Number of protein chains: 2
Amino acid sequence: MSNAPSPLQNRLLAVLPEIEFERLKPQLEAVDMPLGHVLYESGRTLSHVYFPTTSIVSLLYVMENGASAEIAVVGNEGVVGIALFMGGESTPSRAVVQSAGQGFRLRGQAIKEVFSRSGPVMHLMLRYTQALITQMAQTAVCNRHHSLDQQLCRWLLLSLDRLQGNELVMTQELIANMLGVRREGVTEGALKLQAAGLIRYARGHITVLDRVGLEARTCECYAVVRKEYGRLLPDRIAT
Amino acid sequence: MSNAPSPLQNRLLAVLPEIEFERLKPQLEAVDMPLGHVLYESGRTLSHVYFPTTSIVSLLYVMENGASAEIAVVGNEGVVGIALFMGGESTPSRAVVQSAGQGFRLRGQAIKEVFSRSGPVMHLMLRYTQALITQMAQTAVCNRHHSLDQQLCRWLLLSLDRLQGNELVMTQELIANMLGVRREGVTEGALKLQAAGLIRYARGHITVLDRVGLEARTCECYAVVRKEYGRLLPDRIAT
DNA sequence: GCTGCTGTGTGCGGGAGCGTACAGACTCAA
DNA sequence: TTGAGTCTGTACGCTCCCGCACACAGCAGC
């Protein structure tokens, strides 16, 4: 029974080589993590990374209308605030204590120094990875909350951003696989878009006629992802 | 117009400092990426990372019953195979060419060398990050395909794994927020679990009576996540 | 031409979960 | 003890999407 909380209750810290742990230890600050406490807010620059010991933290995405969805959950097996060392400094999600308890925190600067000895290739890879993470998280949110029609628009836009030109070669069947929905659902969605003059569809060839129109029909998820790609990847590497 | 494909068409490669790019360049191999081509299979060790130039790649999770869901999409803004440099070597997802085109690939060893100069703290952080990514990806899949009841079980198990003891303090309202569903839906799900003798519920206190029973009721997502945490994090850092 | 295959359109019953509304049950403080 | 507040249970109509079935249209090859 460890009554005095120890950083070693966090299993990431516990498996570090002793030398490394001893180096970090003086900088670890014990913190109380009461239920509902917000460790960081969406879009805010993080000041610390948190290593939960007896608490659980939820990573939540809060939508514009206030509805939310959990992206992931972090307990004593992990660390909250990976954006700090991935190089993004912030994320579009919020971290909330889901189960009260203790933890330790480390100033952002300290963890960043560990990563600072590495070269530009690694930094770029990590920043990209964070952008990818955002896309995954937003996919989860979108799957939960948005209509097939909105998701279809999002998907078309994400694909379009990665192509030159405005035509994509893709059957409705394949799109359905990607979105995890029925083929018939894609048919109906595509028909609506076609009727609205936004796309033209013909046996595996989609031509986007009105990109702005698609953006107007999709959900916020697309914009969130696009913005993060723009923010994280330099020199006009946008989504 | 660049008729001869250039690695610089990939925007990650394009923003690298010239010195770094020149170092990688001789090792970049141009590859054709035909529609439907599987770059890597779920669970298989990756041999290369791929930098798409004119192609688009889908990261898909394929469920046991064959249904699938796209986790994310990667085009010339990114790289396929982040598990290689994150240290995981493999992922539970499959990478499929969604739009035919070209790309460049790099032997895994080459990208790993870039990361090998870093210390154990960073490696651990990255491996953890990959585990977290898996959790997010699986959340997306689960949101798409599984019932509220299954998701409730998954959520309870993930929380339980991060707690000592078998009681969690959590109102149905909060769980609903996490899962992104109605509170009433959680009520109904919890009642079923209680009727089956798996949990006991009382005003914000849940006691898990039959963990194995919960595991039997949840979907594959829980096991996938748990297994990846076990695999990626050493020394019995499980989910 | 005909035949087959692939891709798209359509219709219908059913179920899961939503929005809404409200009722009971427990807890705490005045 | 009484009332207010919080948490949980129940009910009902509705919508979106699913599963299934089938028709049709374009495009290949012979």
Side-chain angles (χ1 to χ4, degrees), chain A residues 35-36 63 65-70 98 140-156 167-196 199-207 217-219, chain B residues 35-36 63 65-70 98-100 141-156 167-196 198-207 217-219:
Chain A
L35 181 65
M63 299 201 304
N65 69 7
S68 58
E70 188 176 78
Q98 175 201 319
V141 171
C142 206
N143 283 351
R144 161 61 63 222
H145 288 289
H146 299 135
S147 70
L148 197 162
D149 286 7
Q150 288 176 308
Q151 292 182 47
L152 178 57
C153 291
R154 172 178 64 85
W155 190 91
L156 287 172
E167 183 183 330
L168 36 167
V169 179
M170 177 68 42
T171 66
Q172 297 182 349
E173 177 82 43
L174 284 178
I175 297 181
N177 285 163
M178 299 295 160
L179 294 179
V181 300
R182 278 188 322 156
R183 196 266 312 159
E184 294 89 329
V186 175
T187 299
E188 290 181 22
L191 284 176
K192 287 183 209 167
L193 296 181
Q194 197 160 20
I199 65 170
R200 204 171 45 226
Y201 213 125
R203 286 185 77 73
H205 291 255
I206 312 171
T207 309
R217 287 197 173 217
T218 195
C219 46
Chain B
L35 180 64
M63 300 202 303
N65 67 8
S68 58
E70 187 177 79
Q98 176 201 326
S99 180
V141 171
C142 206
N143 283 352
R144 160 62 62 221
H145 288 288
H146 299 134
S147 71
L148 197 162
D149 287 7
Q150 289 176 308
Q151 293 182 47
L152 178 58
C153 291
R154 172 178 64 86
W155 190 90
L156 288 172
E167 185 183 328
L168 35 167
V169 179
M170 178 67 43
T171 67
Q172 299 182 347
E173 177 83 43
L174 285 178
I175 296 180
N177 284 163
M178 299 295 159
L179 294 180
V181 300
R182 280 187 322 158
R183 197 266 311 158
E184 292 87 334
V186 175
T187 299
E188 291 182 22
L191 284 177
K192 287 183 209 167
L193 296 181
Q194 198 160 21
L198 305 183
I199 66 170
R200 204 169 45 226
Y201 214 125
R203 287 184 77 73
H205 291 255
I206 311 172
T207 310
R217 286 196 174 219
T218 194
C219 45

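The sequence lines fix the lettering, A, B, ..., with proteins before strands; numbering per chain opens at 1. Bear in mind that the values here come from a model prediction, so they are computed numbers and not experimental data.
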Q: Sort and list the pairs that fulfil salt bridge (Lys or Arg N to Asp or Glu O under 4.0 Å) and have at least one residue in residues 174-195 of chain A, not counting sequence neighbours.
A: A/Asp149-A/Lys192
Q: Give the minimum heavy-atom separation between A/Leu179 and A/Gln151, together with the two atoms involved.
A: CD2-O, 4.1 Å
Q: Taking all atoms of both residues into account, what is the closest heavy-atom pair of B/Tyr201 and B/Thr171, and its distance?
A: OH-C, 3.5 Å
Q: With a 4.0 Å cut-off on heavy atoms, is A/Gly204 in touch with a base, just the backbone sugar-phosphate, or nothing at all?
A: sugar-phosphate
Q: Bend across the helix from C/dG1-D/dC30 to C/dA30-D/dT1, to 10°, with axes taken over 5 pairs at each end?
A: 20°
Q: How many angstroms lie between CG in A/Leu152 and OG1 in A/Thr187, if you round to the nearest 0.5 Å?
A: 10.0 Å
Q: Name all residues meeting the side chain to side chain contact (heavy atoms under 4.5 Å, CB included) criterion together with B/Leu148; count only those two or more places apart in sequence or in a different chain, and write none if there are none.
A: B/Val181
Q: For A/Thr218, what residues pass the side chain to side chain contact (heavy atoms under 4.5 Å, CB included) criterion, not counting sequence neighbours?
A: A/Cys153, A/Arg154, A/Leu157, A/Tyr222
Q: Between atom CG of B/Leu198 and atom OG1 of B/Thr207, what is the distance when rounded to the nearest 0.5 Å?
A: 13.0 Å
Q: Indicate the atoms forming the closest heavy-atom contact of B/Trp155 with B/Met170, along with that distance.
A: CH2-CG, 3.7 Å
Q: For B/Ala202, enumerate each residue passing the side chain to side chain contact (heavy atoms under 4.5 Å, CB included) test, keeping only those at least two apart in sequence or located in another chain.
A: none
Q: Could you pick out which residue, A/Leu148 or A/Arg203, lies toward the 5' side of DNA chain D when each is mapped onto its nearest nucleotide?
A: A/Leu148
Q: 5' to 3' on DNA chain D, which nucleotides open and close the contacts with chain B (atom under 4.0 Å from a heavy atom)?
A: D/dG5 to D/dT10
Q: For B/Glu188 and A/Glu184, find the nucleotide of DNA chain D closest to each by heavy atoms; which residue's nucleotide sits nearer the 5' end?
A: B/Glu188
Q: Once you round to the nearest 0.5 Å, how far does CG of B/Leu193 lie from CG of B/Leu156?
A: 6.5 Å
Q: What are the 5'-most and 3'-most nucleotides of DNA chain C lying under 4.0 Å from any heavy atom of chain B?
A: C/dG17 to C/dT27
